[in-house]
Amino acid sequence: MTLKSAINWLAVAAGLVAVWFYVGDKLSGVISKEKVVATVIEVAPPAVTVATVKEANFVETVLVTGSLVAREEVQVAPEVDGFKVVDIKVDQGDQVKKGDILAILVAETLDAQLAQNTASNARGDAAIAQAKSHITEVEARLSEANAALERARPLKKSGYMSESVFDQRQALARAATAQLAAARDALRAAEAEKDQTTAQRRELDWRRGNAEVRAPADGLISRRGARLGAIASSANSASEPLFRIIANGEIELDAEVSEAQVTKLKIGQTAKVVAAGGIEATGKIRLISPEIDPATRLGRVRIFLGAAANLRVGAFARGTIETAAARGLAVPVSAISYGPAGATLQKVVGGIVETTAVTTGLATEGIIEIKSGLNSGDVVVARAGTFLRNGDKVRAIPITEERVSTVE
């Protein structure tokens, strides 16, 4: 190797050594800086949505649903059975007054029976008159027989009348007495027969009067079952009545309510009812059923709405009943947790979570009343069940007013 070549190799080796030390120094600096950064960075606390406790108005309501029904439904059927309908005076939707004629039944048979009864009454009057005349006649004969008998008594004692003649006069008096008793019995029989025909007459008159089916009460015809030419059935049969009347046109809501809510209801409370189609009405609770259906766990209430022409029986409706009102501290309903110890929520104090027991009150529109355990201005976690524990550090993010009622 020449001197020149040796010098070149030494220069290359010196350059490589310089690069090695330079790169090593740089790498050492980077590693040192990463260690410093790793020791300086800390984990940020989790963010959590919070709400501020403030006063609010509470109106507790109970929602009920059901169908519109007649306050009192009157079923109209003829008192007489088996007669054909020959005329119908009203139809569904008509307003009627008590006593108005609704339908007319054929009455020819009744008219014939009335004529026959009139003849029977005339015969009865004649029989009574005849019996009375016969009594008068028999009384005269009896009087004559008794007089003859009385005249015969002294003659018999003095011997001027034979025993046989006296016995004849005595027999005539006894016969007249028996005839009088028979005549009086005949009169009583004739009078009894007349009473019977008179009673039949009253029944026939009643049946004839009921050949005109009349409204038993004021109201609205809700259904018509009468058909021309059909045979009308009486109220004692199981067939459809001729007419159904909503008494006085009064309607009410027959609604169902959960067993947990029914205890909050009282007779006389005001209810706002919305029927199908958005029709609104105001009513009052008229009746609360004392029973809970064991199958559905629902109770029943009747909300009286009165006469309302725009409401239809059978339509679905829902009612909202205000059961209580108050003003107090409010938090979102979603902030409350319930456990064996009762209701709790989590406050945020200085960025630290604190679990607090509270006493709740009324709830409305996504907020709930806090009766004890909080003060106005306290900050609480808006959503319970976020796996936060007592003492955890958090970063609070206030909930907006628009979201208070929608937090779940």
Colleague: Below 4.5 Å, heavy atoms only, C-beta onward: do I251 and V313 meet side chain to side chain?
Modeller: yes

Colleague: What distance do K393 atom NZ and L388 atom CG have between them, rounded to the nearest 0.5 Å?
Modeller: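 Taking NZ in K393 and CG in L388, the distance rounds to 14.5 Å.
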
Colleague: Roughly how far, to the nearest 0.5 Å, is CG of L220 from CG of D94?
Modeller: 8.0 Å

Colleague: Working note: K347 + V353, criterion side-chain contact (heavy atoms from CB on, under 4.5 Å); need CA distance, chi angles, decisive distance, verdict.
Modeller: CA-CA 6 Å; K347 292 196 302 183; V353 174; over 6 Å; no

Colleague: On a heavy-atom basis, which atom in T359 and which in S372 lie closest, and how many Å separate them?
Modeller: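 Closest approach of T359 to S372: OG1-OG, 2.8 Å.
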
Colleague: Is there side-chain contact between L374 and L345, with at least one heavy-atom pair below 4.5 Å?
Modeller: yes

Colleague: Is I336 close to I370 at the side-chain level, that is, under 4.5 Å between some pair of heavy atoms?
Modeller: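 Sidechains of I336 and I370: in contact.
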
Colleague: Can you find a pair of side-chain heavy atoms, one from I135 and one from L180, that are under 4.5 Å apart?
Modeller: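 Side chain of I135 against side chain of L180, heavy atoms only: contact under 4.5 Å found.
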
Colleague: Could you check I101 against D87 for side-chain contact (heavy atoms from CB on, under 4.5 Å), going step by step and ending with a plain yes or no?
Modeller: CA-CA 10 Å; I101 297 176; D87 193 10; over 6 Å; no

Colleague: Kindly determine whether Y338 and T360 satisfy side-chain contact (heavy atoms from CB on, under 4.5 Å), including the steps that lead there.
Modeller: CA-CA 11 Å; Y338 296 93; T360 59; 4.2 Å; yes

Colleague: Minimum heavy-atom separation for A217 to V96, with atom names?
Modeller: O-CG2, 4.2 Å

Colleague: Count the heavy atoms of every other residue, nucleotide or ligand shown that sit under 6.0 Å from CD of E291, and state whether that count exceeds 12.
Modeller: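 Atom CD in E291 is not crowded, with 12 or fewer foreign heavy atoms closer than 6.0 Å.
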
Colleague: Would you confirm whether Q269, through its side chain, and K266, through its main-chain N or O, come within 3.5 Å as a donor-acceptor pair?
Modeller: yes

Colleague: Hey, what do you get for CG (N310) to CD (E280), rounding to the nearest 0.5 Å?
Modeller: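 Going from the CG atom of N310 to the CD atom of E280 covers 10.5 Å.
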
Colleague: If you take all heavy atoms of I367 and A330, which pair is closest and at what distance?
Modeller: CD1-CB, 4.1 Å

Colleague: Counting distance only, does the side-chain N/O of T49 pair as donor-acceptor with the main-chain N or O of A382 below 3.5 Å?
Modeller: no

Colleague: Is L329 close to D378 at the side-chain level, that is, under 4.5 Å between some pair of heavy atoms?
Modeller: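 Answer no - side chains too far apart.
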
Colleague: What are the two closest non-hydrogen atoms of V48 and V394, and how far apart are they?
Modeller: CG1-CB, 3.7 Å

Colleague: Within the 4.5 Å heavy-atom criterion, are I321 and I303 side-chain neighbours or not?
Modeller: yes

Colleague: Sequence neighbours left out, cut at 3.5 Å: what donor-acceptor pairs do the side chains of residues 122-134 make with other protein atoms?
Modeller:
from	atom 1	to	atom 2	distance (Å)
R123	NH2	S120	OG	3.1
D125	OD1	K194	NZ	2.4
S133	OG	A129	O	3.1

Colleague: Could you tell me whether the side chains of K284 and T270 share a donor-acceptor contact shorter than 3.5 Å?
Modeller: yes

Colleague: Other residues, nucleotides and ligands only: do more than 12 of their heavy atoms fall within 6.0 Å of CZ on R214?
Modeller: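 Atom CZ in R214 is crowded, with more than 12 foreign heavy atoms closer than 6.0 Å.
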
Colleague: Provide the closest heavy-atom pair for V106 versus F83 in the form atom of the first, atom of the second, distance.
Modeller: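 Looking at all heavy atoms of both residues, the shortest contact is O-CD2, 3.5 Å.
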
Colleague: Between the side chain of S289 and the main-chain N/O of G299, is any donor-acceptor distance below 3.5 Å?
Modeller: no

Colleague: For the residue pair P398 and T52, establish whether any side-chain heavy-atom pair is separated by less than 4.5 Å.
Modeller: no

Colleague: Do R302 and R300 have side chains that approach each other closer than 4.5 Å (heavy atoms only, starting at C-beta)?
Modeller: no

Colleague: Under a 4.0 Å N-O cut-off, is there an ion pair linking E55 with R327?
Modeller: yes

Colleague: Please report the closest heavy-atom contact between V86 and L105, naming both atoms and the distance.
Modeller: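 In terms of heavy atoms, the two residues are closest at CG2-C, 3.9 Å.
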
Colleague: Given 3.5 Å as the limit, does a donor-acceptor pair link the side chain of R201 with the main chain of L114, or not?
Modeller: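 Side chain of R201 to backbone of L114: a pair is present.
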
Colleague: Given 3.5 Å as the limit, does a donor-acceptor pair link the side chain of Q346 with the main chain of T355, or not?
Modeller: no

Colleague: Heavy-atom count check: over 12 atoms from other residues, nucleotides or ligands less than 6.0 Å from R174 CZ?
Modeller: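 At most 12 heavy atoms, drawn from other residues, nucleotides or ligands, come within 6.0 Å of this atom.
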
Colleague: With a 6.0 Å cut-off (strictly less than), is the heavy-atom count around CD of E193, excluding the residue itself, greater than 12?
Modeller: no

Colleague: For a quick test of your reading: what N or O donor-acceptor pairs under 3.5 Å do the side chains of residues 60-75 make, sequence neighbours left out?
Modeller:
from	atom 1	to	atom 2	distance (Å)
E60	OE1	T323	OG1	3.2
E60	OE2	K264	NZ	3.1
E73	OE1	R244	NH1	3.0

Colleague: Going through the checks in order, is the salt bridge (Lys or Arg N to Asp or Glu O under 4.0 Å) test met by E191 and R188?
Modeller: CA-CA 5 Å; E191 290 174 342; R188 284 193 289 269; over 6 Å; no

Colleague: Assess the residue pair V213 and V85 against the criterion (side-chain contact (heavy atoms from CB on, under 4.5 Å)); give the C-alpha distance rounded to whole Å, side-chain angles, the decisive distance to 0.1 Å, and a yes or no.
Modeller: CA-CA 10 Å; V213 181; V85 178; over 6 Å; no

Colleague: Give every residue pair that meets the side chain to side chain donor-acceptor pair (under 3.5 Å) criterion with at least one member in residues 139-148, sequence neighbours excluded.
Modeller: E137-R141, E139-R184, R141-Q179

